[in-house]
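A short write-up of the structure that comes next.
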Amino acid sequence: MSSVLLIHHISCGFFRTPFAALSYGQGGILARGPYVIHCLLIELDAEAGGGLALVDTGLSERDIENPLLRLGIGMTLGGGATRGMSALRHVQRLGFQAGDVKHILMTHLDKDHAGGLEDFPGAQVHVHPAELRAAMQRRRLIDRQRYSGLHFSHKPNWQVLDTQSARKWQEEFRAFTVPGLSEKILMVDLPGHSAGHCGVAIETIRGWLLHCGDAVYHGSWLQSAKRRPPLLIQGVEMLLQSDARARALTRAKLQRLTARGGAKVFASHDPVAFKELGGMV
Ligand SMILES: [Zn+2]
């Protein structure tokens, strides 16, 4: 069983939303929002063979080269990445190779999270079964927008979570163990944003860290139950939600978890938490 040795916070792309004052809550009306795509690169201890685990993959080098085809017009206009931002380049800069990535834990399979999967064809890709089903079938219009078949055409080595064996985590969450990893790394059921959306919890020497994916887009949701992000970003959160009631319940649980200090919770696209945690662009 591999355990955690070191966590690197990396951004594998960005969203430059228009009208920052309205879409982010700070900056001029003509400025753009500074959202990141916060992934984790985890060095696992050598005792069990070492290697690396990724939490989400952001965008690949191919997405960066050909955004219109691979990401669609929305992300091409409002987001993307610059050369060198992919998870693969981060892995290489830290002195590793693609083959060192043994596990990829996917919060969900939206384009901005799953683009880099093809750069790590040998990795076991852990995902919630409902998320995998939705991404493979792409039945609804919204699914055809949010998932890209091109990101899965290399046939990833999917490892579907055993949701029947969920255990309780931090009082009110359901958590799943990840085959091949110790119980210091868990996937946490955070439904609402997409069909099988999860967070990833990691026990560190300073306590639990919870990457909550896109359970919220804007970090202000987590600062206090009374804080609200700008209406424009709340609208985007609603537009992309899979289940409104589940999303609201998940958000309330995350707010309670944050308030009682059970974990340091952060969202994929929040630039403030990324900076706080020492993120590398
Ligand atoms: Zn996202």
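Atoms within a ligand are numbered from 1 in the order they appear, just like the ligands themselves.
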Checklist entry - Within 45° of the ring axis of Phe14 and under 6.0 Å from its six-membered ring centre, is that where the NZ or CZ of Arg16 lies? => result yes
Item to check | Criterion side chain to side chain contact (heavy atoms under 4.5 Å, CB included) on Tyr147 and Lys111, from CA distance to verdict | outcome: CA-CA 5 Å; Tyr147 304 120; Lys111 285 175 192 170; 6.0 Å; no
Checklist entry - Quick check: does His108 put an N/O/S atom under 2.8 Å from the Zn ion (ligand 1)? => result no
Checklist entry - Should the pair Glu171-Lys253 be classified as a salt bridge under the 4.0 Å nitrogen-to-oxygen rule? => result no
Next on the checklist: If I consider every N, O or S atom in Asp112, which one ends up closest to the Zn ion (ligand 1)? I only need its name.
Outcome noted: OD2
Checklist entry - By atom name, which N, O or S atom of Asp214 is the nearest to the Zn ion (ligand 1)? => result OD2
Checklist entry - Taking a hydrophobic cluster as the set of Ile, Leu, Val, Met, Phe, Trp and Tyr residues connected by side-chain heavy atoms closer than 4.5 Å, whether directly or through intermediates, do Leu117 and Phe96 fall within one such cluster? => result yes
